[in-house]
Structures are given as structure tokens and as C-alpha cells.
Amino acid sequence: MIIAIDGPAAAGKGTLSRRIAEEYGFHHLDTGLTYRATAKALLDAGLPLDDEAVAAGMAAKVDLAGLDRSVLSAHEIGEAASKIAVMPSVRRALVEAQRAFARKEPGTVLDGRDIGTVVCPDAAVKLYVTASAEVRARRRFDEIRAGGKQADFAEILADIVKRDARDSGRADSPLRPAEDAHLIDTSEMGIEAAFQAAKAIVDAALK
Ligand code: C5P
């Protein structure tokens with residue numbers, strides 16, 4: 001059983017995916033971390049982000065067991081990740097590893113941008129989690145401020161709009177809902193309500 005959860009940055013799909021995986025006892029993979037780990041390895045090695053062969057070589061070496069969210073969540077790493085994510089051979093290497101993960105028993109939850117459309121088109125359940133750019137920027141802003149740091153709302157919003165455009169506009173595996181995905185708009189919904197909505201969809205599919 002595979003549950004595919006896609007959506008733009010900061011829509012709440014990470015939290016939702018973790019809760020769904022916990023609820024059903026499934027393995028969870030945040031596929032964004034695989035793009036982030038590749039980008040970080042390039043940055044750490046002082047290698048360029050615009051050489052596809054070099055980036056694909058790094059992608060092939062990413063260890064799914066060693067993905068550390070606390071290290072990879074940095075904003076600059078997310079930006080770098082979305083730049084190398086436009087490269088087809090980087091995607092091929094990472095998608096191969098993601099598909100192998102997806103086959104784990106008793107089931108898996110994968111979240112990202114292209115899980116329902118490309119990585120696992122046969123997933124039993126597909127969710128597309130979204131929210132307006134303003135709401136997503138507000139959440140990021142509140143998160144940063146809660147961590148005791150300064151944040152500029154206009155800058156965060158501009159980054160989110162730019163990232164959406166890059167993820168939706170690329171030729172290979174652009175961000176878009178699969179035709180059979182269930183849409184969950186969290187603009188006016190808390191995480192608990194989003195979880196209940198998702199759970200009802202998964203329960204119906206399990207019957
Ligand atoms: O979700 P997260 O912000 O960690 O993803 C970082 C970047 O990795 C995204 O902006 C996107 O460009 C890329 N990504 C992707 N396909 C996925 C997951 C992430 O292209 N399945």
C-alpha cells in the first residue's frame with residue numbers, strides 16, 4: 001500500500017505525511033530531503049550546482065537511511081535543491097531510490113512534488129495538499145519568529161512564489177496534482193482538520 005502526498009512548499013504536507021505514516025504504521029519518506037541531500041553534498045564539496053553530470057553522480061550516492069532533516073532544512077539548501085531538481089538525470093537517480101523505498105512492507109507514505117504523477121503513479125491513495133502562497137508564507141514567517149529569529153514577510157512570500165514557479169514550470173516532472181488525487185486545501189484548516197480529512201480518504205481506500 002502506497003500513499004502519495006504532493007504539494008507546494010510549506011503547505012503542511014510534511015507534518016501531515018508523518019502523522020498519516022504513524023497512524024497506519026507505514027514507513028515514511030520525505031523525498032524533498034533526497035534533493036536537499038544531493039544539493040548539500042555539492043555545496044559541501046564546493047562543486048557547481050549547474051553541472052548535470054556532477055549533480056547526477058552525487059544523487060546516485062545519496063543514502064536514504066542517513067537523511068537528517070535538522071541539517072537539511074536550511075533555506076539555502078532548499079533553494080539549491082530546487083535548482084538541481086530541474087535536471088532529468090538527477091531526478092532519474094533519486095526516483096529509482098524512492099521507488100525502491102516505496103515497496104517496503106507493510107506500506108509507505110512518500111511526500112514530494114511528483115509522487116502521484118511520476119514516482120508512484122499506481123499509489124493506492126493520492127493526496128494533493130495545498131494552501132494559498134500568503135498562508136504558506138505566513139506559516140514560515142511564524143515558524144522562524146517562534147525560533148527567535150528575525151524574518152521579513154515580503155521576502156519569504158517572494159521566495160515561495162519563486163519556488164512554486166520553478167517547481168511548476170520545469171519540463172521534467174513539474175509540480176501538479178495527479179488526475180486521481182484528492183485535493184486538501186489547508187488555507188483555512190488546522191493540521192488536525194487536515195489529518196482527519198486525509199484519514200477519511202485513506203480509510204475509504206483501505207476498505
Ligand atoms: O519539499 P522540499 O522543500 O524539501 O523540497 C526541496 C525541493 O526539492 C523542491 O523545491 C523541489 O524543487 C524539489 N523536489 C522535487 N521533487 C520531489 C521533492 C522535492 O523536485 N519529489
Side-chain angles (χ1 to χ4, degrees), residues 1-38 40 62-75 77-78 81 85 94-131 135-136 138-144 146-147 160 163 167 175 177-178 180-207:
M1 166 110 183
I2 301 173
I3 301 175
I5 305 186
D6 291 303
K13 66 184 187 305
T15 314
L16 185 63
S17 303
R18 281 192 290 279
R19 284 207 53 188
I20 292 282
E22 201 179 303
E23 175 76 17
Y24 296 95
F26 288 1
H27 304 277
H28 171 231
L29 177 65
D30 172 351
T31 61
L33 293 181
T34 65
Y35 290 90
R36 286 172 179 264
T38 305
K40 182 171 187 299
V62 166
D63 172 14
L64 264 52
L67 301 171
D68 183 347
R69 174 183 320 278
S70 63
V71 176
L72 297 172
S73 65
H75 178 71
I77 299 179
L94 295 177
V95 166
E96 194 187 327
Q98 293 161 10
R99 284 186 180 144
F101 182 96
R103 288 192 287 269
K104 284 189 178 202
E105 295 291 344
T108 51
V109 178
L110 278 78
D111 75 275
R113 303 289 189 288
D114 60 340
I115 309 304
T117 51
V118 175
V119 182
C120 305
D122 298 329
V125 181
K126 299 180 186 179
L127 305 177
Y128 190 84
V129 183
T130 188
V135 167
R136 290 183 283 130
R138 171 63 56 189
R139 287 185 191 146
R140 271 279 147 84
F141 177 80
D142 291 344
E143 219 172 79
I144 297 170
I160 281 192
R163 178 93 70 92
D167 288 348
L175 167 67
D180 49 350
H182 299 266
L183 252 59
I184 298 181
D185 187 328
T186 67
S187 299
E188 288 171 26
M189 211 187 248
I191 178 63
E192 187 55 36
F195 171 68
Q196 292 304 336
K199 187 171 160 5
I201 294 165
V202 177
D203 284 343
L206 280 172
K207 273 199 193 129

Self-check item: Steps toward side chain to side chain contact (heavy atoms under 4.5 Å, CB included) verdict (L94, Y35)
Solution: CA-CA 8 Å; L94 295 177; Y35 290 90; 3.5 Å; yes

Practice problem: Please assess L110 against I5 for the test side chain to side chain contact (heavy atoms under 4.5 Å, CB included), listing each intermediate value before the final yes or no. | Solution: CA-CA 6 Å; L110 278 78; I5 305 186; over 6 Å; no

Quiz prompt | Full working for side chain to side chain contact (heavy atoms under 4.5 Å, CB included) between L175 and D114 | solution = CA-CA 6 Å; L175 167 67; D114 60 340; over 6 Å; no

Practice problem: May I have the step-by-step check of side chain to side chain contact (heavy atoms under 4.5 Å, CB included) for Y24 and L206, ending in yes or no? | Solution: CA-CA 11 Å; Y24 296 95; L206 280 172; 3.5 Å; yes

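Counting only residues at least two apart or on different chains, the salt bridge (Lys or Arg N to Asp or Glu O under 4.0 Å) pairs with a member in residues 116-126 are K126-D180. Within the structure, the salt bridge (Lys or Arg N to Asp or Glu O under 4.0 Å) test picks out no pair touching residues 94-109 (sequence neighbours left out). Applying the salt bridge (Lys or Arg N to Asp or Glu O under 4.0 Å) test to pairs two or more places apart or on separate chains, those with a residue in residues 191-201 are R19-E192, E23-K199, K199-D203.
By the side chain to side chain donor-acceptor pair (under 3.5 Å) test, H75 pairs with D159, sequence neighbours left out. Under the salt bridge (Lys or Arg N to Asp or Glu O under 4.0 Å) criterion, D30 pairs with R69, not counting sequence neighbours. Partners of D111 by salt bridge (Lys or Arg N to Asp or Glu O under 4.0 Å), not counting sequence neighbours: none found.
Nearest heavy-atom pair across V129 and A11 is O-CB, 3.4 Å. Minimum interatomic distance between R139 and A10 (heavy atoms only, all atoms of both residues): NH1-O, 3.8 Å. Closest approach of A124 and A205 over heavy atoms only: O-CB, 4.4 Å. Nearest heavy-atom pair across L16 and F195 is CD1-CA, 3.5 Å. Closest heavy-atom contact between A102 and T108: O-OG1, 2.8 Å.
A side-chain donor-acceptor contact under 3.5 Å links R136 to the backbone of A131. The backbone N or O of T130 lies less than 3.5 Å from a partner atom in the side chain of T186, making a donor-acceptor pair. Between the D6 side chain and the Y128 main chain, no donor and acceptor come within less than 3.5 Å of each other.
For the pair D167 and P8, the minimum side-chain heavy-atom distance is 4.5 Å or more.
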